[in-house]
Protein chains: 2
Amino acid sequence: MTRMTPARPVPLPERPQLGLRERKKIKTRMAIREATYTLIKEQGYDATTIEQIAERAEVSPSTVFRYFPTKEDIVLTDEYDPILLAELRKRPADEPWMESLRYVVRLAIGAATEEDPEVVRLRSHLLVQVPAVRSRMLESMSVTGRMLGEAIAERTGMAQDSFEVRVFTMSLIGGLAEISLYWAEHDFKDDLQDLLDRALDVIEHGLPAKNT
Amino acid sequence: MTRMTPARPVPLPERPQLGLRERKKIKTRMAIREATYTLIKEQGYDATTIEQIAERAEVSPSTVFRYFPTKEDIVLTDEYDPILLAELRKRPADEPWMESLRYVVRLAIGAATEEDPEVVRLRSHLLVQVPAVRSRMLESMSVTGRMLGEAIAERTGMAQDSFEVRVFTMSLIGGLAEISLYWAEHDFKDDLQDLLDRALDVIEHGLPAKNT
DNA sequence: CCATGAAATGAGAGGTGCTATCAAAAGAAT
DNA sequence: ATTCTTTTGATAGCACCTCTCATTTCATGG
């Protein structure tokens, strides 16, 4: 049913003509991430120190902090935001904007799971277990929400910094965040896209009313 | 001398017959809070260390941590939650539950502003300025949200751990959190209760549609 | 190919939040 | 006044994170 795979998930940019420096930077960035993931899988989040990460990634602790401002960021930083926004602006202007939203968030989830399903699960798991990660995630999503808010404001013709838009987007962020939490707490049994659809229904129409 | 007179359960203050220990605990708790507030007003949040707080509150740093698990908690911990829940359960069963919600949240805001308006503003200010405080606040509100979720589930007859209820409550939390942010960012010009009403309208009915 | 300039790295020191332990002090109970 | 319990303070210690500075590594122009 959810077999609608959009053809090209993430445009992997600029393989060619990158200076040696840039390539190395990408490499160490990935090395730090990988090291962090495996260490966390081995010993858990809290037990994993920056020093250990640095050691396994074969860099100095200083370098780790140069690449990631906080320990939580190593786990959950992603740069989907600009792509997401661009994708949203690409949608036809006559499409109901809530549909555009649905499409684009679905796209993001699809891209992430396609790229590395295990990491997606690990992150959701950490989201449930580690408050600091959860907090950082909400912060990060808030930023994304602000961006979405601008786009939504454009579409609806409302003021950019309108209170209503801001409330809606933050409300959206909250609801979306809950998806991951619920998913992880129920052992990843549900289909993420299904949950997303149900969540957006709730956000759009409120709770399926059994009474007023 | 300590004759046990029939206790009169006044809702608000357990003023009477508290042991010296309990009274002292409340006192130091307040002392730590006050010290923190004044210090923050003087030098800002980050520049204020636990050591300084301890010194001004005339306790040891250890004691500060005994009373508040984290520095952020000193600023924003409140114990409205149980009252809020009780108040919600007191509402007539035939009242539309969204109205009950509106009433009870309005009640909470009213109580807080009545108790100490300046502190309410300071906290909103910190919410905007200090990411750690903002994060901690969202965490705290999430817990409150869970409780509200249970109550809402009762009212709507939905399952307690229903995905839809959880999404709705977290969405609610997000929207409510935005109220404080907007309020502070716009120099506290708006009326909080007004903002609350508008926010709940958005959460209930979605964005006021100018098109689809 | 080498010299110069720029960027990334590593090493070290230091500050702060926070935890854990344990002995001393203060309140409660007999 | 005595025990008993709770609360406190002092100390040590760990981990996250910042800052600075010398060293290494890449880029560039002769």
Side-chain angles (χ1 to χ4, degrees), chain A residues 16-33 35-36 39-40 42-77 126 129-137 139, chain B residues 1-4 16-33 35-36 39-40 43-77 126 130-137 139:
Chain A
Q17 299 324 72
L18 269 186
L20 176 53
R21 274 208 171 124
E22 305 298 321
R23 272 179 288 159
K24 270 206 164 182
K25 269 164 87 172
I26 295 178
K27 228 174 161 185
T28 59
R29 198 179 173 83
M30 283 178 54
I32 294 174
R33 273 240 181 77
T36 307
L39 280 174
I40 286 181
E42 286 175 18
Q43 353 164 323
Y45 181 85
D46 289 322
T48 301
T49 77
I50 298 283
E51 218 168 335
Q52 295 174 328
I53 293 173
E55 192 181 350
R56 184 159 308 194
E58 294 183 301
V59 289
S60 76
S62 322
T63 301
V64 175
F65 285 114
R66 241 186 285 273
Y67 279 80
F68 300 94
T70 76
K71 187 178 165 188
E72 297 92 49
D73 281 284
I74 306 179
V75 176
L76 49 73
T77 292
L126 290 177
Q129 285 192 324
V130 186
V133 173
R134 188 167 50 239
S135 295
R136 191 66 195 77
M137 166 64 114
E139 270 295 307
Chain B
M1 179 180 326
T2 25
R3 179 160 271 300
M4 194 171 63
Q17 302 322 75
L18 270 187
L20 177 52
R21 271 200 175 131
E22 306 297 324
R23 272 179 288 158
K24 271 207 163 180
K25 270 164 87 171
I26 296 177
K27 228 175 161 184
T28 60
R29 196 178 175 83
M30 282 179 54
I32 293 174
R33 272 240 180 76
T36 306
L39 280 174
I40 286 180
Q43 352 166 322
Y45 182 85
D46 288 322
T48 302
T49 78
I50 298 284
E51 219 168 334
Q52 295 175 329
I53 294 172
E55 193 181 350
R56 183 160 307 195
E58 294 183 303
V59 289
S60 75
S62 324
T63 301
V64 176
F65 284 114
R66 240 185 287 273
Y67 279 76
F68 301 94
T70 75
K71 187 178 164 188
E72 296 92 50
D73 281 283
I74 307 178
V75 176
L76 48 73
T77 292
L126 291 177
V130 186
V133 173
R134 189 168 47 239
S135 294
R136 190 67 195 78
M137 166 64 113
E139 271 295 307

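What you see below is based on every heavy atom in this structure, not just the backbone, and it leaves out hydrogens, waters and symmetry mates. Labels below follow one simple rule: chain letters A, B, ... track the order of the sequence lines, proteins then strands, and each chain is numbered from 1.
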I want to check something: taking the side chain as every heavy atom from C-beta on, are [X] and [Y] in contact at a cut-off of under 4.5 Å?
X      : Y      : value
B:R66  : B:S62  : yes
A:L20  : A:R23  : yes
A:Q43  : A:Q52  : yes
A:I74  : A:V64  : yes
A:E42  : A:L39  : yes
B:L126 : B:M137 : no

Atom [atom1] of [X] to atom [atom2] of [N]: distance rounded to whole Å?
X     : N      : atom1 : atom2 : value
A:L39 : D:dA15 : CG    : P     : 14 Å
B:L18 : D:dT7  : CG    : P     : 13 Å
B:F68 : D:dT7  : CZ    : C1'   : 16 Å
B:F65 : D:dC14 : CZ    : C1'   : 13 Å
B:D73 : C:dT19 : CG    : P     : 10 Å
A:K27 : D:dT25 : NZ    : C1'   : 14 Å

Which of these nucleotides, [options], is closest to any side-chain atom of [X]?
X     : options                : value
B:E72 : C:dT9, C:dC18, D:dC26  : C:dC18
A:S62 : D:dT11, C:dG12, D:dC16 : C:dG12
B:K71 : C:dC18, D:dT18, D:dC26 : C:dC18

Check: Is a side-chain donor-acceptor pair under 3.5 Å present for A:E51 with A:T49?
Finding: no

When you measure from the side-chain N and O atoms of [X] to the phosphate of [N], is any distance below 4.0 Å, counting only OP1 and OP2?
X     : N      : answer
B:T63 : D:dT8  : no
B:K24 : C:dG27 : yes
B:K25 : D:dT7  : yes

Pairs under 3.5 Å (N/O, protein and nucleotides 28-30 of chain C):
from	atom 1	to	atom 2	distance (Å)
C:dA28	OP1	B:L20	N	3.0

Margin query: Within a 6.0 Å radius of atom CD on B:E58, are there more than 12 heavy atoms belonging to other residues, nucleotides or ligands?
Written below: no

Notebook entry, point to check: Considering only heavy atoms and no angle criterion, is a donor-acceptor pair shorter than 3.5 Å present between the side chain of B:R23 and the base of C:dG27?
Noted result: no

Next item on the list: Name every residue in residues 42-60 of chain A that has at least one heavy atom under 4.0 Å from any atom of DNA chain C, in order of residue number, or write none if there are no such residues.
Entry: A:V59, A:S60

Checklist line | Nearest-nucleotide 5' precedence on DNA chain C, B:R66 against A:Y67 | finding: A:Y67

Margin query: Within 45 degrees of the ring normal and closer than 6.0 Å to the centroid, is that where the cationic atom of B:K71 sits relative to B:Y45?
Written below: yes

